[in-house]
Amino acid sequence: MTLPLLGAAVTLPTFTQIQDWICGPGRAIEIQDFCQIGVLERDHSDLISAWQAVLPAHTGERGIHGPFFGLDISTPDREVRAIVEKRMMQALAVAEALEATHMVIHSPFTHWHQLNRANYAGVYPSLIDCAADCLAPVLDRAAGIGCTLMLENCDDTDPAARVDMVRQIGHANLKVSLDTGHADIVHGRYDAPHVVDFIAASSGLLGHVHLQDVDGYADRHWHPGDGRIAWRPVFDALAALKERPRLMLEVRTDLPRLPATVARLEALGLAC
């Protein structure tokens, strides 16, 4: 199987820095300005307009990172869930304005949930029920604009937890996302399964991947090859899938190096 062309997670300044590369034929982007704290709470029409001014040059697939700071889609408090739903709806309005076809949201699962799955038998079912309630109107709205929500692992130590959530909610516009760095951190810190096991557990439902490298300690978002992740097994695991997830480089430093990073992965025969 041929892997998709690697895309990149960008903010407006990053887009401007590497616009020629980003706007190459078929390259996907994920816009990340609108997940920052406070952006959706204030008037962000100027930011939408700024993006609309530069996006005509981009012809590839497009997505956004949805809000996540302090927003637990599985909170049992109905009033808090209403706020989470509101933020998700605001983000989907941005997605519609920018013609984005995916939006990343964060998984609610943590290591505590994994450790106490048997000790508190009702916790997992409750998380799934509350998430389904919170996301029901959001998913209907997403379907109406042709956008798919991608549920990303963050503190998950059970590779199957969010996959089970996506499967049980059972909506065509909800798929699984994988962040390679997040998976490696919990592998290193909590003895969770390896990144390749997170990929395997997502088989059939994986729609999106954040590619980033780490040192096993913190969420570094380094360029692939700058940290400790063994990338050949990761790309082999992705290539073994029947589906073709949208692959996004999500790095935080030295962003103009992205074209060189992709060229290096291509030279190794790992990506295209």
Side-chain angles (χ1 to χ4, degrees), residues 7-16 22 28-55 58 61-109 127 130-155 162 165-166 169 171 173-177 179 182 207-208 210 212 219 221 246 248 250-252 255:
V10 295
T11 61
L12 189 58
T14 308
F15 182 93
T16 302
I22 286 291
I29 62 170
E30 181 178 293
I31 297 167
Q32 298 206 325
D33 297 271
F34 298 92
C35 67
Q36 304 305 317
I37 295 173
V39 172
L40 295 177
E41 299 170 37
R42 58 174 171 79
D43 180 9
H44 46 275
S45 58
D46 56 339
L47 186 55
I48 291 175
S49 296
W51 268 109
Q52 288 173 328
V54 299
L55 283 176
H58 177 252
E61 296 176 318
R62 190 176 304 156
I64 69 169
H65 199 308
F68 62 90
F69 290 105
L71 300 175
D72 181 355
I73 62 171
S74 287
T75 177
D77 190 309
R78 291 183 181 276
E79 293 185 19
V80 176
R81 279 209 302 276
I83 296 173
V84 177
E85 177 189 324
K86 176 183 178 180
R87 293 286 180 256
M88 297 295 171
M89 291 294 203
Q90 289 173 320
L92 284 176
V94 172
E96 182 178 25
L98 301 183
E99 300 181 15
T101 54
H102 84 255
M103 183 172 88
V104 177
I105 61 175
H106 275 195
S107 166
F109 295 101
L127 286 172
C130 291
D133 178 72
C134 179
L135 292 179
V138 180
L139 286 166
D140 287 345
R141 173 80 167 107
I145 63 171
C147 185
T148 297
L149 302 188
M150 306 291 186
L151 186 62
E152 177 186 2
N153 59 306
C154 192
D155 296 320
R162 78 198 185 291
M165 176 176 281
V166 168
I169 291 175
H171 196 288
N173 290 77
L174 179 63
K175 291 187 178 181
V176 175
S177 170
D179 186 297
H182 297 169
H208 172 274
H210 276 154
Q212 58 128 332
D219 195 14
H221 286 271
R246 196 172 291 188
M248 295 286 171
E250 190 187 36
V251 300
R252 295 278 186 258
L255 299 172

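Throughout, numbering of the chain's residues begins at 1 and tracks the sequence. Predicted model, so just to flag it, every value in this text is computed and none were measured.
Proximity of a side-chain donor or acceptor of Asn153 to a complementary backbone N or O of Asp179 within less than 3.5 Å is detected. Side-chain atoms of Gln52 come within 3.5 Å of backbone N or O of Ala97 as a donor-acceptor pair. No donor-acceptor distance shorter than 3.5 angstrom exists from the side chain of Arg162 to the backbone of His106, with no hydrogens or angles considered. The backbone N or O of Arg62 lies less than 3.5 Å from a partner atom in the side chain of Thr101, making a donor-acceptor pair.
Using a 4.5 Å cut-off on side-chain heavy atoms (C-beta onward), Asp219 and Gln212 make contact. Taking the side chain as every heavy atom from C-beta outward, Thr148 and Asn173 approach each other to under 4.5 Å. Residues Leu139 and Ile169 form a side-chain contact, since some pair of their non-hydrogen atoms from C-beta on lies under 4.5 Å apart. At least one side-chain heavy atom of Ile48 sits under 4.5 Å from a side-chain heavy atom of Phe34. Here the side chains of Glu96 and Arg141 are in contact, with some heavy-atom distance below 4.5 Å. Within the 4.5 Å cutoff, the side chain of Phe68 has no heavy atoms near those of the Glu152 side chain. Contact annotation: the side chain of Glu61 never approaches that of His102 to less than 4.5 Å [non-hydrogen atoms, C-beta and beyond]. Two residues are said to be in side-chain contact when any heavy atoms from C-beta on lie closer than 4.5 Å; Val176 and Met165 fail this criterion.
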Checking side-chain hydrogen bond (donor to acceptor under 3.5 Å, both in side chains) for the pair Ser45/Asp43: CA distance, chi angles, key distance, verdict? CA-CA 6 Å; Ser45 58; Asp43 180 9; 2.8 Å; yes

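Environment of CZ in Arg42: crowded, with over 12 heavy atoms of neighbouring residues, nucleotides or ligands closer than 6.0 Å.
Here the closest non-hydrogen pair linking Gln90 and Arg87 is OE1-NH1, 2.9 Å. The minimum heavy-atom distance linking His44 with Val39 is given by the pair ND1-O, 3.3 Å. Taking both residues in full, the closest heavy atoms of Gly63 and Arg246 are given as N-NH1, 4.3 Å, listed atom of the first, atom of the second, then distance. For the residue pair Cys134 and Pro137, the shortest heavy atom distance occurs at O-CD, 3.7 Å. What you find for Ala142 and Leu92 is that their closest heavy atoms are N-CD1, 3.8 Å. Scanning both residues, Cys35 and His65, for their nearest heavy atoms gives CB-O, 3.3 Å.
Rounded to the nearest 0.5 Å, atoms CE (Met88) and CZ (Arg81) are 13.0 Å apart. Of the inter-residue distances, the one linking Gln32 atom CD with Thr11 atom OG1 reads 8.0 Å to the nearest 0.5 angstrom. Atom-to-atom distance recorded for Leu149:CG and Ile105:CD1 is 5.0 Å, nearest 0.5 angstrom. For the atom pair CD1 (Ile31) and NE2 (His58), the distance works out to 8.0 Å, reported to the nearest 0.5 Å. Going from atom CG of Leu71 over to atom NZ of Lys86 covers 11.5 Å, rounded to the nearest 0.5 Å. In this structure, CG on Leu255 lies 4.5 Å from OG1 on Thr14, to the nearest 0.5 angstrom.
Of the options Val94, Leu98, Ile64, a side-chain contact (heavy atoms from CB on, under 4.5 Å) to Trp51 is made by Leu98 and by none of the others. With Ser74 as the partner, the side-chain contact (heavy atoms from CB on, under 4.5 Å) test is satisfied by one option alone out of Val84, Leu127, Asp133: Leu127.
Between His210 and His208, the two ring planes are perpendicular [angle over 60°; tilted spans 30° to 60°].
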